[in-house]
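Here is how names work: the chains are called A, B, and so on, in the same order as the sequence lines, proteins then strands, and each is numbered from 1.
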There are 2 protein chains.
Amino acid sequence: MDARHSPFARKLGAFVALSEKEVSALDRLHGRRKVFSAGKDMVHQGQTDQAAYILASGWVCSYKILSDGTRQIVDFQIPGDSLGLRSVLFRTSDHNIEPVTQVEASEVLVSDLLETFSETPRLATAVLWAASRDEAMVVEHLVSIGRRHAKERTAHFLLELGARLKLVGLGSTSGYACPLSQYLLADTLGLSAVHINRVLRELREDGLVTFQHGHVEIHDLDGLVDLAEFDKTYLDHDGPLLK
Amino acid sequence: MDARHSPFARKLGAFVALSEKEVSALDRLHGRRKVFSAGKDMVHQGQTDQAAYILASGWVCSYKILSDGTRQIVDFQIPGDSLGLRSVLFRTSDHNIEPVTQVEASEVLVSDLLETFSETPRLATAVLWAASRDEAMVVEHLVSIGRRHAKERTAHFLLELGARLKLVGLGSTSGYACPLSQYLLADTLGLSAVHINRVLRELREDGLVTFQHGHVEIHDLDGLVDLAEFDKTYLDHDGPLLK
DNA sequence: CGGCGACGCTGATCTGCCTCAGTTCATTGT
DNA sequence: ACAATGAACTGAGGCAGATCAGCGTCGCCG
């Protein structure tokens, strides 16, 4: 899997070794391309007529709001991730989706997807694998918020993000570009923005990781992995499981 | 859907109106029945050769342990719920599963399941709906732990459990039998057992709900729903969506 | 140019929940 | 009959992280 291909194909390639034919079938899947600008919700709770998308560029977050105005971000989608694949099939959306940056996304027709699956069945497996990974990420997030301290929690989040970005060619073991504000981090990690700020400073002073000016720089990967008890197998299984 | 049928059929009946033929196809799905006793893990992290089950009686929990010994319970399975349907298809288990009580479960062969789907396709939709509901529950759990206070969080949990039990005929709006200890509640809600104890007392003193001697009694449903901001639509959609 | 909003950052204070260290009660085993 | 165990329960003290209030910097716009 090299840089010629879309992030979506790169990501699936981490689960299932894809042939040239399968990769180009995936690339053909990308339909009409749409652009969304930062901050304006793409989907609201209760909305029913939504489409499914594959993110081509930009970042997006899914969240829920409570009546007191606080919100909880459930997860982020980065290039190569799909949006609403599940809810377009089964229910009205139960959460909001907001672009964090300007976003380009290709609309995916369910009919096209099903057709692709019947022609190249291994792709169905790959997509289901990806969906299962998304679920594992939410579970890991739950564990973080429930049982990890702010510092470990933040470290875990930054590592997971890095691993995901590396998978689609947008980062390396040493760092990545990250458009998230400290407020977004706070809403993700169940902390206050003030505390996130202090935690980031501590991680910096410990020589573990620096997150400044939209860029995450990992200084001590082992130390960070150790602190966060980060186990990346749920993200890429250390290479394709299906050859 | 009446009391003659299995909890599994009752639950799916809440999503898709099932014919007699479909219900009996579901009931035939239950294969070899196994019994597990409380406290002994059924599945460990990393285990690969697991089967899928449908719970006939008893309660089960899925959890993860951290290195400091604390654990986070991700969710409970009650009669009618399936266990490991997803992970049997796609990966080694990334969490542990422990029976809370003695448990009876029917093994489900993937081949039988797929065969049933092709004969009665609406059942496939129903099962996918159920899987999607499970995901929504984990998300709601995440929101609870991230942004709700101990009292609201506990109230929300007790309400969700009640709604789920009612769906399979094991509870009513006024209460249900609940075999969970305060330690299990604590590990679920990201709190300490000590604090759970105080929260339960407060809820009792507020006249909202009593949880004592293995029984949850709801005194003021509206007050509780209000406190927890509980929205049950993600559990049963107020009746079958597909007629 | 000055004003304004976003965002990062910081000190001081407050509080929700944890930890520790028990007691009581019911159940089980010997 | 008496330990042993486990669960519910309680008080005291401590701490992680929230809240409040404020400052500095930057980019944008009229």
Practice task
Looking at every strand, decide which applies to S192(B) at a 4.0 Å heavy-atom threshold: base, sugar-phosphate, or nothing.
Solution key: base
Exercise for the section: Could you work out which one of dG17(D), dT10(C), dC17(C) sits closest to the side chain of H195(A)? Expected result: dG17(D)
Problem - Distance in angstrom units between N197(B) CG and dT19(C) P, rounded - result: 15 Å
Exercise for the section: Can you tell me the distance, in whole Å, between the CZ atom of F211(B) and the P atom of dA8(D)? Expected result: 7 Å
Handout entry: Between dC9(C) (P) and H213(A) (NE2): distance, integer Å
Key = 8 Å
Practice task
Would you kindly give the CD-to-C1' distance between Q212(A) and dC7(C), to the nearest whole Å?
Solution key: 13 Å
Handout entry: Flag for Q77(B)-S62(B): side-chain donor and acceptor within less than 3.5 Å
Key = yes
Fill in the blank from the handout: Among the nucleotides dT19(C), dC7(C), dC9(C), whichever has the atom closest to the side chain of V194(B) is dT19(C)
Practice task
Would you kindly say whether E104(A) and S57(A) are connected by a side-chain donor-acceptor distance under 3.5 Å?
Solution key: yes
Exercise for the section: Using a heavy-atom cut-off of under 4.0 Å over every strand shown, decide if G190(B) touches base, sugar-phosphate, or nothing. Expected result: sugar-phosphate
Handout entry: Atom-pair distance (NE2 on H149(B); C1' on dC17(C)), nearest Å
Key = 11 Å
Problem - Pair Y53(B) and F36(B), ring centroids less than 6.0 Å apart - result: yes
Completion exercise
Atom CD1 of I196(B) and atom C1' of dT10(D) are separated, to the nearest Å, by 16 Å
Practice task
Look at all strands and tell whether L191(A) reaches a base, only sugar-phosphate, or nothing, counting heavy atoms closer than 4.0 Å.
Solution key: sugar-phosphate
Exercise for the section: Take the protein atom CZ of R198(B) and the nucleotide atom P of dA8(D), then report the distance between them rounded to whole Å. Expected result: 15 Å
Handout entry: Spacing between R201(A) atom CZ and dG11(C) atom C1', to the nearest angstrom
Key = 10 Å
Completion exercise
Per atom distances to the Y183(A) side chain, the nearest of dG8(C), dG11(C), dT10(D) is dG8(C)
Handout entry: Sole candidate of V216(B), L158(B), L161(B), T188(B) that passes side-chain contact (heavy atoms from CB on, under 4.5 Å) when paired with L180(B)
Key = L161(B)
Handout entry: Pair D187(A) + R147(B): basic N to acidic O under 4.0 Å
Key = yes
